[in-house]
Amino acid sequence: MPRYLITYPKGQGEDILVEDENLELSLAHGWAVLDDQHGVCLAVPSHAGATITRVDQVDGNQRPQ
């Protein structure tokens with residue numbers, strides 16, 4: 001299951017773990033966008049300084065996006 005950890009610089013916000021069977025990460029107009037089959041789950045502006053890391057285990061049949 002795709003799982004992303006969003007970490008913010010110290011004092012800038014709380015870290016967030018987002019996971020969903022159909023979760024996809026894309027970049028659009030200065031935003032990192034996590035969405036699934038229902039639409040946008042979370043959008044983070046590039047100027048927020050957040051780091052987004054995919055942290056799920058990927059088996060041999062899947063490739064991280």
Side-chain angles (χ1 to χ4, degrees):
M1 175 180 312
R3 181 182 296 165
Y4 292 89
L5 177 62
I6 297 94
T7 54
Y8 291 91
K10 189 172 184 171
Q12 301 266 335
E14 292 188 30
D15 297 347
I16 302 168
L17 180 64
V18 181
E19 63 182 331
D20 185 281
E21 197 64 43
N22 299 301
L23 194 61
E24 294 185 12
L25 173 65
S26 61
L27 302 174
H29 308 288
W31 290 79
V33 181
L34 291 164
D35 59 1
D36 64 11
Q37 74 276 18
H38 301 292
V40 175
C41 301
L42 180 72
V44 180
S46 60
H47 68 269
T51 301
I52 301 174
T53 306
R54 186 162 178 178
V55 294
D56 58 286
Q57 299 271 335
V58 179
D59 66 29
N61 297 327
Q62 294 179 322
R63 291 180 29 194
Q65 297 176 339

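This chain uses plain numbering: 1 for the first residue, then up along the sequence.
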Once rounded to the nearest 0.5 Å, what's the spacing between atom [atom1] of [X] and atom [atom2] of [Y]?
X	Y	atom1	atom2	answer
S46	H29	OG	NE2	12.0 Å
D20	L42	CG	CG	12.5 Å
C41	D35	SG	CG	6.5 Å
D56	M1	CG	CE	9.5 Å

Closest non-hydrogen atom pair, G13 against Y8: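 It is O-CB, 3.8 Å.
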Work out which heavy atom in A50 is nearest to a heavy atom in P9; give both atom names and the distance.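 So the minimum-distance heavy-atom pair works out to N-CD, 4.3 Å.
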pair [X]-[Y]: side-chain heavy atoms closer than 4.5 Å:
X	Y	answer
L23	Y4	yes
V44	L34	no
R54	P2	yes

Should V40 and W31 be counted in the same cluster of Ile, Leu, Val, Met, Phe, Trp and Tyr side chains packed under 4.5 Å apart?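 V40 clusters together with W31.
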Determine, using the 4.5 Å side-chain heavy-atom cutoff (strictly less than), whether I6 and V33 are members of one ILVMFWY cluster.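 Result: no, two separate clusters.
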Residues which pass side chain to side chain contact (heavy atoms under 4.5 Å, CB included) with T7, listed by chain and number, not counting sequence neighbours: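 Here the qualifying residues are L5, D15, T51.
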Determine which pairs satisfy salt bridge (Lys or Arg N to Asp or Glu O under 4.0 Å) with at least one residue from residues 1-13, sequence neighbours left out, and list them in order.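 Salt bridge (Lys or Arg N to Asp or Glu O under 4.0 Å) check on residues 1-13 returns R3-E19.
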Just to verify, what does N22 make a side chain to side chain donor-acceptor pair (under 3.5 Å) with, not counting sequence neighbours?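 Only Q37 meet the side chain to side chain donor-acceptor pair (under 3.5 Å) criterion with N22.
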